[in-house]
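This report refers to the structure that appears directly beneath it.
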Amino acid sequence: MEFPKENFSGWYNEVVEAAGLVDKRYPVKGMHVWRPYGWKIMGNIDSYFRKIFTEYGHDEVNFPLLVPETEFKKEAEHIRGFEDEVFWVTHGGLDPLDVKLILRPTSETAMYPMFSLWIRSHADLPLKVFQIVNIFRYETKQTRTFIRMREVHFFEAHTVHRTYDEAEEQIQEDIEIWKKIAKKLALPYRIVKKADWDKFPGAVYSLGVETIMPSGRTLQIATFHQYGQNFSRPYGIRYLKEDGTHEYAHQTTFGMSERLLGAIVGIHGDDRGLILPPEIAPIQVVIVPIVGSKKERVLEESKVLYQEIKDSGFNVHLDDRDNYTPGYKFYDWELKGVPLRLEIGPRDLENNQVVLVRRDTGEKISVKREEYLDMISKLLEDIQKNLLSRAEAEMNDKIKYMESIEDAKSFSGVASVNWCGSEECGRLIEEKTDKKIIGSPLDEHRPGRCVICGKETNILAFVAKPY
RNA sequence: GGGGCCGUGGGGUAGCUUGGUUAUCCUACCGGCUUUGGGAGCCGGUGACUCCGGUUCAAAUCCGGGCGGCCCCA
């Protein structure tokens, strides 16, 4: 690594390529190539999504990438929110299309015409589906790997309910699901309610899951939206109630993206490269044989270890490349963020032991052969917990309650200030701090006076520079 | 939204002002021998001027545009 992590931009740009996650040289702005290692990590995250959402009663679906202009333009606010950032398909071959098509920037307008066909009666509800697809947005600002892309690897769950309250319950369930995901990815976060002018286009309200990158800028890594009947009306998603009358359904969505990987990279990595949470690491344990004078014996033993670790259910890799020295391999796997390294050499053979090295702390542990499998299991759990707890501590340090607009402006992290909740004061907060209100924390309140108008309030606003 | 810097082997640089067979280093890659407990050594080799247009006898170099990357400000 050429850049230290203090130079976060340089470090981040370097590590995503050096660790083998992506190749940014693809010649279209905001689009990169996922390389095998990066795609495996993303795949592990996706696999967990499939597992947990299925457990919560969602079914996986897959909708087309293209949406006709006529469907796209049914919900007024939604159009206004997205029309300046969609890619258009205007031609088939050389012929102009009668009905132009968009590349989905999100899938409401692709799904909801179909939902209106699928849903007839209350017995069809709730409908809970999700898909993992790529979406496209014509970003004009500078793009950044995983964080702001024109093609985005995207997860979206869509639900349809009979009543607003049932939709509200769904959002509570979404939060419950998110908490498990956050633990799996070892990501610290705060859930905020987005300001009214900042909600998803077409939503009644939006909740954002925010984390903080080492630069002090916030990153929105998941969203929950309450749509109420805002989409069901224009798309005609109605159901027949028990009493024989029709009613428009209430809907929600839960969205996440490759930004999660960006957060993992940024939050856990260090000067040596990535550090992956064991729960999603494609390789949890890498065996580096140090062959020395006993090449045959060491390699033979390495293979035995490999099989034992694999049989214990861990993702293990044996690095038996003989054109690289052990030192080279150490650096290489550290760069790739493998949580645990197992070294075995002549000395270990003699002492009937192996050496385990933690990626998160660098600690080296010699352990007897009889105990090493248990130790691997324990260390991986420790690393998972340690990554989360130290990231949480860092995040807490970056959020500070402030009583004045000036303090909020000069603070490099997230300033938490009292806000009366009015749009007028909110806009002024943003103007005077040169930052954004990323939202009001759901579970945090504090009595005080609005930093603009002085009105008493217990509402807080998180003020920060978002990505 | 505004401003700036930049694009040369896989990676990093020099060459550009003043047009004339490009070059260099670490690194990467290929072959060979020796190596292996924190980025191995030696020898030999492969490999590039972002694209389009213009000016010119001649363009990496000058001019225009596109595409792409990065930084700063709002």
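The basis for the numbers below is simple: all heavy atoms, side chains too, and nothing from hydrogens, waters or symmetry mates. Being a predicted model, the structure only gives us computed values, none of them experimental. Numbered from 1 within each chain, the chains take letters A, B, ... in sequence-line order.
- Residues satisfying the salt bridge (Lys or Arg N to Asp or Glu O under 4.0 Å) test with K74(A), not counting sequence neighbours, are E71(A).
- In this view, S257(A) and V152(A), F154(A), R259(A) satisfy the side chain to side chain contact (heavy atoms under 4.5 Å, CB included) rule, not counting sequence neighbours.
- Looking at the side chain of K465(A), the nearest of the listed nucleotides rU36(B), rG38(B), rA74(B) is rA74(B).
- Under 4.0 angstrom from either OP1 or OP2 of rU36(B) there lies no side-chain N or O belonging to K294(A).
- Not a single ring-ring contact (aromatic ring centres under 6.0 Å, His included) links F462(A) to another residue, sequence neighbours left out.
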Return the polar atom pairs (N/O with N/O) between nucleotides 3-11 of chain B and the protein under 3.5 Å, or none.
from: rG10(B); atom 1: O3'; to: R25(A); atom 2: NH1; distance (Å): 2.8
from: rG10(B); atom 1: O2'; to: R25(A); atom 2: NH1; distance (Å): 3.4

query: Reading RNA chain B 5' to 3', how would its secondary structure be written in dot-bracket notation, given Watson-Crick and G-U pairs with both distances under 3.5 Å, brackets [ ] for crossing pairs and | for partners on other strands?
result: (((((((..(((((.....[.))).))(((((((.....)))))))...(((((..]....)))))))))))).
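- Residue-level contact check: K24(A) touches the backbone only, with heavy atoms under 4.0 Å from sugar-phosphate atoms and none from bases.
- Nucleic acid contact for E431(A): none, since no nucleic acid atom lies under 4.0 Å from a heavy atom of the residue.
- One interatomic measurement links the two molecules: CZ of R217(A) to P of rA74(B), which rounds to 12 Å at whole-angstrom precision.
- Residue R321(A) is classed as having no contact, given no heavy-atom separation below 4.0 Å to the nucleic acid.
- A pairwise comparison of heavy atoms in L21(A) and V265(A) identifies CD1-CG2, 3.8 Å as the closest pair.
- Ring stacking holds between Y331(A) and rG39(B), with the centres under 5.5 Å apart and the planes within 30 degrees of each other.
- Taking a cutoff of 4.0 Å between a charged side-chain nitrogen and a carboxylate oxygen, E431(A) and R427(A) do not qualify as a salt bridge.
- Among the atoms of the strands shown, none is found under 4.0 Å from any heavy atom of V288(A).
- D434(A) comes within 4.0 angstrom of the backbone, heavy atoms only, and of no base.
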- request: Could you encode protein contacts along nucleotides 26-31 of chain B as a string, one character per nucleotide from 5' to 3', using B for base contact, S for sugar-phosphate-only contact and - for no contact, with a heavy-atom cut-off of under 4.0 Å?
  value: ---S--
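- Applying the 4.0 Å criterion to OP1 and OP2 of rC70(B), one finds that Q142(A) has a side-chain N or O inside that range.
- Not a single donor-acceptor pair under 3.5 Å links the side chain of E392(A) to the backbone N or O of P188(A).
- Put simply, the side chain of N13(A) and the base of rG69(B) share no donor and acceptor less than 3.5 Å apart.
- Contact annotation for G362(A): no contact, since no heavy-atom pair falls under 4.0 Å across all strands.
- For the pair S9(A) and rC70(B), the criterion of a side-chain N or O lying under 4.0 Å from OP1 or OP2 is not met.
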